[in-house]
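Okay, so here's the structure we're looking at.
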Amino acid sequence: GDLIGGFEDYEWRFKLPDYSKEQREIPLWNGESLEEKSILVYSEQGYGDTIQFIRYVPMLVERGAKVILETHKSLVELFAGLKYLDDIIIRNTKSIRTDFQIPIMSLPHRFSTTLNQIPADIPYLPILSTIDIDFCSESQPVIGIAWAGNPQHRHSWAANRSLNIALLEPIFEISGITWVSVQMDDRYDEVVMMGRKNLIKDMREHVKNFADTAAVINKLDLVITVDTAVAHLAGAMGKPVWNLLSFAADWRWLMDREDSPWYPTMKLFRQKTPGDWEGVIADLKAALLTEFAEIG
C-alpha cells in the first residue's frame, strides 16, 4: 500500500538489461510544464498494465499536453474512442518526435499517487465495437469466465495466475447460469476436453482484439477471471468483476482486502494458502449462490 515509495523505487527498472530496449531518444518528462508541448506515452509491459494506467493520460491533457500513445496492436481499437488522445501508434512500427516521453507505468509516480488519490472515475473506456449475438436465456445471469493468463508472459510467476479449468467444475454444476468464455486463446480447447462445450460459449470467432472483448463483456452481468488483462478491462468498464488471486498476489491488489481502490466494481477472492485454488472456488461458489439467489 506504500504507493509513493513503491512507484519511486519502481523507476529503477530502467537500469535493468531487460528494459534497455524501452529507452527513447526523447527527453523524459519529470514534471516540467506541458503547456503547448507534446508527449509520447508508451506501453512498456502487458495489456492489463496499459488498460489500468491509461486513466492517467487525461491528467497530462489537463496540463496542456498533446498526447500521442504508442501501444500494443490489439489495444489500438479499444483506445480509439479516447478523445483526449491526439494519435495512437502501434508499438515499434515508426519513430516519432515529441517534446517529452514517459512510460505509462511511470505516470502514477509522476502524479504522486497515494491510496486515497487513485483516479478511479469509472468507467473510463468507451465501448465502440458491437457483436451481433444475444446471450439472453430465460432471464438467467450471463457470466463471463477467464481462467488463464498469457502463456507468453516473460515472468515465471505468471503461471501462478492461471488454473486448470477442471477446478472450476463446482461452479459449472450450478444450474441457471449462462456461461461465456472470455478466454480468447487456445485455452478454450480445455473446455472441449472436459466436455463442457455446450455449457460454456466460445467467443473466439467474434473477437479479434480487446475492443471486441469489451463488446462481449458489455453484454455480461458479471465477469469471473484470474489476474489477467480481462480483469482490468472489465474493471475499467465498470462491470462487476470477481478477480481470483494467488496467495502471493501482485502488488496492485494490496493485502487482506476483498476490494480494490483501482476498480470500484471489483471483488477479490484470495488463496488463503499457496496453491489453494480449491478454497478460492469454494468461496466463489458460495458467493454466486448468494449473489444470484434464484439459481442453483
(request) Look at the rings of Tyr10 and Phe7 and say which category their plane angle falls in: under 30° parallel, 30 to 60° tilted, over 60° perpendicular. (result)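 Plane angle over 60°, so perpendicular.
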(request) Report the relative orientation of the aromatic rings in Trp253 and Tyr263; use parallel for angles under 30°, tilted for 30 to 60°, perpendicular for over 60°. (result)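 Rings of Trp253 and Tyr263: tilted, 30 to 60°.
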Just by distance, with hydrogens left out, do [X] and [Y] show a side-chain donor and acceptor under 3.5 Å apart?
{"X": "Ser181", "Y": "Arg196", "answer": "no"}
{"X": "His232", "Y": "Tyr47", "answer": "no"}
{"X": "Gln140", "Y": "Thr178", "answer": "yes"}
{"X": "Gln271", "Y": "Asp276", "answer": "no"}

Table please: side-chain donor-acceptor pairs of residues 235-244 below 3.5 Å, with sequence neighbours left out.
residue: Lys239; atom: NZ; partner: Asn218; partner atom: O; Å: 3.2
residue: Lys239; atom: NZ; partner: Leu220; partner atom: O; Å: 2.5
residue: Asn243; atom: OD1; partner: Asp227; partner atom: N; Å: 3.4

(request) Establish, yes or no, whether a centroid distance under 6.0 Å links the rings of Phe247 and Trp277. (result)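 Distance test on ring centres: not under 6.0 Å, no.
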(message) Using the ring pair (Phe, Tyr, Trp, His ring centres under 6.0 Å) criterion, which residues pair with Phe79? Sequence neighbours excluded.
(response)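 Residues passing ring pair (Phe, Tyr, Trp, His ring centres under 6.0 Å) with Phe79: none at all.
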Output a table of donor-acceptor pairs, distance under 3.5 Å, between side-chain atoms of residues 61-76 and any protein atom two or more places apart or on a different chain; print 'none' if there are none.
residue: Glu70; atom: OE1; partner: Arg24; partner atom: NH2; Å: 2.3
residue: Thr71; atom: OG1; partner: Ser43; partner atom: OG; Å: 2.7
residue: His72; atom: NE2; partner: Gln45; partner atom: O; Å: 2.7

(message) If the threshold is 4.0 Å, N to carboxylate O, is there a salt bridge linking Asp283 and Lys267?
(response)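 No, Asp283 and Lys267 are not salt-bridged.
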(message) Assess whether a salt bridge exists between Glu11 and Arg13, defined as any Lys/Arg side-chain N lying under 4.0 Å from an Asp/Glu carboxylate O.
(response)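 So Glu11 pairs with Arg13 through a salt bridge.
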(request) Begin from the C-alpha positions of Gln183 and Asp185 and carry the test side chain to side chain donor-acceptor pair (under 3.5 Å) through to its verdict. (result) CA-CA 6 Å; Gln183 185 74 45; Asp185 54 30; 3.0 Å; yes
